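Note sheet for the following structure.
This one's a predicted model, so the numbers in the text were calculated from it and none came from an experiment. Chain identifiers are assigned alphabetically (A, B, ...) following the order of the sequence lines, protein sequences preceding nucleic acid strands; residue numbering begins at 1 within each chain.
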Amino acid sequence: MNEYLPYLSELLSEALSGISFILPEIALVLTFLLVIVVDLFIPGKNSVNTSAIALTGIIISAYLNYQQSLSIEKGLSLFSGSIVLDRVAIGFKLIFAFVTVLFVVFIKGNTALKRHNKGLGDLYMLLPAVLLGLNLMAMASNLLMVYISIEMVSIASYLMVGYVSGEGKQTEASMKYALFGSACSAIMLYGMSLLYGFTGTISLSDGNIIAQLSHIAEPAIALAILLTLVGIGFKLSFVPLHFWSPDVYQGAPTPVTAFLSTAPKIAGFAILIRFLIPFYGYGAATGIQVFDFETTITVIAIATMILGNFAAIWQNNIKRMLAYSSIAHTGFALMAIVAIYQNGIRSLLFYFTVYAIMNMAAFMIADQVEQRTGEDDVRKYKGLGKFMKVEILCFVVILVSLTGLPPTGGFIAKLFIFTSAFEKYQASGSVWVLSLLVTGAITTVVSLFYYFKIPLNAYLREPDREYPVSSGLNFISYVILALTILIIVLGLFPSILA
Amino acid sequence: MIPLSHYMLISAALFSIGIYAVLSKRNAIMILIGIEFMLNAAILNFVAFSKHDKFAASGQVFALFAIVLAAAAVAVSLAIILNVYKYYKTIDPTKIDKLRD
């Protein structure tokens with residue numbers, strides 16, 4: 001033990017100097033503790049106080065993140081390289097905070113959750129905790145931090161899915177999610193242990209990783225990397241690790257589904273980028289290639305896009321359909337990962353901002369329809385266009401954006417990714433990248449078939465039952481309207497995000 | 001001294017047993033036990049490798065964190081399985097299939 005004594009003061013001072021850079025995370029920890037105490041003693045009617053404190057804490061943390069984005073130019077490595085704070089991480093953190101705020105709003109507008117006899121205090125308590133996990137996922141730069149942050153988000157997600165277990169379906173969804181998730185993270189941990197054994201370090205920013213790995217037999221490296229990718233792939237729900245997501249998305253309460261299909265998925269991409277840096281960056285610098293990530297990810301992306309889009313055609317349940325649509329979007333975003341050398345990361349951040357807005361909006365509208373008419377079947381949307389005028393009109397705009405047609409943000413986002421992938425193709429001339437581009441274009445056309453089932457039913461078919469003339473707008477309707485306008489504004493002026 | 005390869009063989013065997021249990025068992029608790037096997041295989045690897053680490057710390061720290069997180073995940077999963085039993089009166093995952101296309 002004594003040989004560490006000389007280093008002790010150095011380690012301590014390094015840890016202390018890092019604290020000023022994790023203020024947004026400290027704010028979230030304090031919020032988490034405060035929410036527990038407030039929920040115990042003064043929750044208020046319908047957990048009003050609890051939700052107000054959770055929301056305030058999240059907004060304060062988002063503001064601190066924004067402050068960081070102004071002051072930080074270069075990437076900072078903190079706490080002996082466990083986390084990295086750079087502009088990409090801050091961008092991801094701002095997206096997560098935005099999604100979580102929308103999630104709070106969404107919970108407040110959901111009557112099924114509100115009526116729950118346990119109250120919503122525990123759900124609000126989970127929010128700062130899960131946001132902390134997401135932030136750490138965005139910053140993680142060693143394997144330990146990757147594992148801890150993924151588990152933090154996973155455990156909170158299992159609880160959120162099973163939270164209102166008012167019926168069998170929900171418990172079923174949470175059990176499938178928990179078992180599949182735990183198995184995937186166990187497999188990932190084994191892969192990480194092998195990587196640690198091969199390289200002798202758990203850091204992902206260590207330049208020696210590639211040099212160390214080049215002494216190991218290639219099949220062993222491939223095994224370790226593939227096992228590690230299983231855990232990340234579970235969060236991203238790419239093929240072949242996607243089959244939990246339609247079931248879980250259908251069974252979970254709609255606000256939770258909206259959140260799960262947005263924030264943890266984007267965080268999974270943040271982790272994937274960090275995980276790829278040593279292999280892409282240092283690998284390219286030294287010219288040693290230990291594992292062919294490009295081909296692996298291209299194959300996964302193609303399979304994910306095809307399966308997500310084609311399976312969505314056969315779905316009639318709106319939540320299942322949006323689940324497959326989010327799988328398809330994962331495949332599309334993987335295209336940007338392949339082209340990450342060029343403007344990949346910038347276009348990816350834009351894509352995720354737009355994706356977060358449109359996905360949250362789509363689930364909010366689906367939830368509004370379900371609350372007012374009791375329907376979650378797309379075939380029963382007949383004639384809804386006259387009943388819920390504003391919501392369905394917004395839905396059409398959001399679906400246009402999800403497909404990727406102008407003049408919406410979805411079009412610009414897809415255009416950016418296509419452009420960076422095309423630049424990559426011109427630079428490398430690889431057949432894989434070309435097939436990726438072709439698949440992306442074809443599946444975009446395929447996605448029209450299922451997205452436009454909704455306006456088809458809502459506007460062109462006659463209703464088979466009577467609706468009152470029109471229903472008024474409520475609080476969530478205004479949020480939906482604001483998000484829809486935001487999507488169009490982003491489509492017309494994409495530069496406001498840059 | 002026991003060579004490193006012996007540890008790796010045992011952990012590979014543990015991992016395979018765990019995967020087999022997860023894929024073949026028809027009982028949610030047995031699946032959890034299989035997951036525990038896989039986690040412990042990884043933890044054994046970490047501890048064994050950390051003997052050859054220059055600081056001899058990161059592997060052991062990793063093992064400690066993994067043990068704690070595994071306990072947390074199992075606690076949550078057991079609560080969820082208990083809830084499933086309340087509604088379905090079974091914990092056989094193949095019989096719990098109300099959610100489907």
- Task: Locate the shortest heavy-atom distance separating B:Ala28 from A:Met175; write the atom from each residue and the value.
- Result: CB-SD, 4.1 Å
- Message: Taking side chain as everything from C-beta outward and backbone as N, CA, C, O, which of these in B:Tyr88 sits under 4.5 Å from a heavy atom of chain A? Side chain, backbone, both or neither.
- Response: side chain
- Message: Let's go through B:Asn45 and A:Tyr196 carefully: what are the C-alpha distance in whole Å and the side-chain angles of both, what is the deciding distance for side chain to side chain contact (heavy atoms under 4.5 Å, CB included) to 0.1 Å, and is it a yes or a no?
- Response: CA-CA 9 Å; B:Asn45 257 353; A:Tyr196 169 61; over 6 Å; no
- To the nearest 0.5 Å, tell me how far B:Ile96 CD1 sits from A:Asp247 CG. 12.0 Å
- From A:Cys184 SG over to B:Met38 CE, what is the distance, rounded to the nearest 0.5 angstrom? 8.0 Å
- Note on the structure: Whatever's closer than 4.5 Å to a heavy atom in chain A on B:Ala79 counts as neither
- Note on the structure: Interface check, chain A: of B:Val22, B:Leu39, B:Ile91, B:Val68, most non-hydrogen pairs under 4.5 Å belong to B:Leu39
- Item | Smallest separation among heavy atoms of A:Glu172 and B:Asp97, with atom names | OE2-CA, 3.3 Å
- Of all heavy-atom pairs linking A:Ile202 and B:Phe62, the shortest is CG2-CD1, 3.9 Å
- Query: Who among A:Tyr158, A:Tyr147, A:Trp314 has the most heavy-atom pairs with chain B under 4.5 Å?
  - Reply: A:Tyr147
- Where do A:Leu194 and B:Phe49 come nearest, in terms of heavy atoms and distance? CA-CE1, 4.4 Å
- Report the C-alpha separation of B:Leu32 and A:Leu179 in whole Å, then their side-chain angles, then the decisive distance to 0.1 Å, and conclude whether the side chain to side chain contact (heavy atoms under 4.5 Å, CB included) test is met. CA-CA 7 Å; B:Leu32 268 189; A:Leu179 288 182; 4.1 Å; yes
- Task: Mind listing the closest non-hydrogen atom pair of B:Ala42 and A:Ser193 along with its distance?
- Result: O-CB, 3.6 Å
- Item | Segment of B:Val76 engaging chain A (4.5 angstrom heavy-atom cut-off) | side chain
- Task: Sort A:Ala173 into side chain, backbone, both or neither according to what part of it lies under 4.5 angstrom from a heavy atom of chain B.
- Result: both
- When you look at B:Ile19 and A:Ile187, which way does the side chain to side chain contact (heavy atoms under 4.5 Å, CB included) test go after all the steps? CA-CA 9 Å; B:Ile19 282 260; A:Ile187 293 174; 4.1 Å; yes
- Among the options B:Ile81, B:Ile31, B:Leu69, pick out the one with the most heavy-atom pairs lying under 4.5 Å from chain A. B:Leu69
- Message: Nearest 0.5 Å, please: how far is OG in A:Ser185 from CD1 in B:Ile35?
- Response: 7.5 Å
- Message: Are there over 12 heavy-atom neighbours, none belonging to B:Ile2, within less than 6.0 Å of that residue's CD1?
- Response: no
- Under 4.5 Å from a heavy atom of chain A, the part of B:Phe46 involved: both
- Calculate, to the nearest 0.5 Å, the distance between atoms NZ and CG belonging to A:Lys169 and B:Leu99 respectively. 6.0 Å
- Query: Tell me, side chain or backbone of A:Met192 under 4.5 Å from chain B's heavy atoms, or both, or neither?
  - Reply: both
- Take atom CZ of A:Phe275 as the centre, draw a 6.0 Å sphere, and report whether it contains more than 12 heavy atoms from other residues, nucleotides or ligands. yes
